[in-house]
> 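Attaching a single structure in structure tokens format; questions to follow.
Note on naming: letters A, B, ... go to the chains in the order of the sequence lines (proteins, then strands), and numbering restarts at 1 for each one.
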Amino acid sequence: MAVKDQYSLRVVLYDGDGAQPIPASDRFDATTALLEKGFSVTQAKPGQTVSPIGSAPLLLLGRFANTDAPEIAGTVPGSRVVSRNILGVDAAGISALSEAASLELQAARFGEWKPWFPVIDYDRCTNCMQCLSFCLFGVYGVDDAQKIQVQNNDNCKTNCPACSRVCPEAAIMFPKYKAGPINGDVVSNSDLNREKMKIDISALLGGDVYSMLRERSEKAQSRFSKERDADKALKERQKCLVKLAQSGDIPPEVLMSLPSPDEIARRAEEAKAKAAAALAHQTPPA
Amino acid sequence: MAEVPRILYCHCAYAQVVPAEVKTAVLRKLCDAGVAFDAVPDLCEMSARQDPNLQNLVSGGCVKIAACYPRAVKWLFAAAKAPLPPDGAEVLNMRVQTAEEIVTALLNTGLQPNVPQGKVTAEDAPQPVAAT
Ligand code: SF4
Ligand code: SF4
């Protein structure tokens, strides 16, 4: 499973007191090489502020001609800090010694996964649970207060923004998506009304979850049982997935990796049950 | 806020959504300017991994961030339990602004907080900071 809650390596390029200045073009080359390898870089200058160090594993790099690397202010006890002299070392060499330091300091390594996952805009989210009900891959869950949460980023299918289409509030973003509002651009009323934003989740689920919970009449019961019919729900879901695929929103490889119809039906039931349980803890809307 | 804002640059390493020429030009100009700054490979991945470095990035006073849409950046930090200070963060958008505009705003010592507060629509969204 993925790395979580662990520091990645922070590299500090230092050219203050006790070190020779690093020309701008060399700083650019080194910074670019380090960023491409997944390391954070701080270009430190005397008298100027950068973010605090805290207990991040830290590699201090400088061109130290006749001196040792200086003490780093702001580290906390137990910090993992090493320094290296980069006098005469080029960007590729800096990148290699940073890799070695990352291993030595047991820093988390990033960069092996395209970070594709939903990000919820809680200013817009109404906690309706449609995303949780829709996603077949268990990406969503709820916290102790029954508030929707993204819980399993890694389960998200790369380049698939389908759940953002089912969100009635356009509250789900994929920052690396090509277009707004899914990429985080502002949401316009026309976005909310646009046909391709509106995937009828009730058709997928076999009935509106709120009405499921609220309506207790005979009629509602019978409609509910009819709509819950597993075959029908499955057909509707397939129709919806085809529609999303046709609009270019689900990459073919995601469709190819969908589980079997039986498994889809099972997971859909599971997701729906989770959503219904979460909704049952909320006050239904008036 | 009287303090000089820190600068944070996001390299958006694992996708091509930020034009390469814009991010390269922003990084090069920051290096040329000889200012101190923090640079991260990909804020999205740091958020997904809840990298504690994000806490450090928000905890050192006000900050200007060169990344993408302010709404996305706000919630990426929030998702990693490192919310941006509402009055202490300005987000420059490398997806839509020019490198020139962004660097001008980054190097200007004033701060124009623009992290969205509340439900944002096209009508009430903060406008991109104009180059001065
Ligand atoms: S579908 Fe949208 S509004 Fe509903 S819980 Fe999910 S993110 Fe929130
Ligand atoms: S925050 Fe924006 S600029 Fe940074 S990695 Fe994510 S999508 Fe790219």
> To the nearest 0.5 Å, what is the distance between OH (B:Y14) and NZ (A:K176)?
9.0 Å
> Could you check if a side-chain atom of B:R71 sits within less than 4.5 angstrom of a side-chain atom of A:D185, using non-hydrogen atoms only?
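Of all side-chain heavy-atom pairs linking A:D185 with B:R71, none is under 4.5 Å.
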> Quick check on A:I120 against chain B: is it the side chain, the backbone, both or neither that has a heavy atom closer than 4.5 Å?
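For A:I120, backbone heavy atoms alone lie under 4.5 Å from chain B.
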> So, for B:D51 and A:Y7, which heavy atoms are closest and what is the spacing to 0.1 Å?
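What the structure gives for the nearest pair is OD1-CA, 3.6 Å.
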> With a 4.5 angstrom heavy-atom cut-off, which part of A:F39 approaches chain B: side chain, backbone, both or neither?
backbone
> With rounding to the nearest 0.5 Å, note down the distance linking OH in B:Y9 to CG in A:L35.
6.5 Å
> Between B:R95 and A:Y177, which heavy-atom pair has the shortest distance, and what is it?
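Between these two residues, the closest heavy atoms are NH2-O, 2.6 Å.
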> So for B:D42, is it side chain, backbone, both, or neither that comes closer than 4.5 Å to the heavy atoms of chain A?
side chain
> What part of B:V18 lies closer than 4.5 angstrom to a heavy atom of chain A: side chain, backbone, both or neither?
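For B:V18, no heavy atom lies under 4.5 Å from chain A.
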> Within the supplied structure, the quantity of interest is the number of heavy atoms (other residues, nucleotides, ligands) at a distance under 6.0 Å from A:Q20 CD; does it exceed 12?
yes
> Are the side chains of B:H11 and A:E36 in contact, using a 4.5 Å heavy-atom criterion?
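Yes, side chains in contact.
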> For B:T24, give me all partners under side chain to side chain contact (heavy atoms under 4.5 Å, CB included), at least two apart in sequence or on another chain.
A:F28
> Would you say that B:N56 contacts A:I53 through its side chain, given a criterion of any heavy-atom pair below 4.5 Å between the two side chains?
no
> Find out whether A:S40 and B:M46 are in side-chain contact, i.e. whether some heavy atom of one side chain is under 4.5 Å from a heavy atom of the other.
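SC-SC contact between A:S40 and B:M46 confirmed.
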> So for B:K74, is it side chain, backbone, both, or neither that comes closer than 4.5 Å to the heavy atoms of chain A?
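Side chain of B:K74 only, per the 4.5 Å heavy-atom cut-off to chain A.
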> Between A:T42 and B:F37, is any pair of side-chain heavy atoms under 4.5 Å apart?
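No, too far: nothing below the 4.5 Å cut-off.
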> Identify whether the distance between the nearest side-chain nitrogen and carboxylate oxygen of B:D32 and A:R27 falls below 4.0 Å.
no
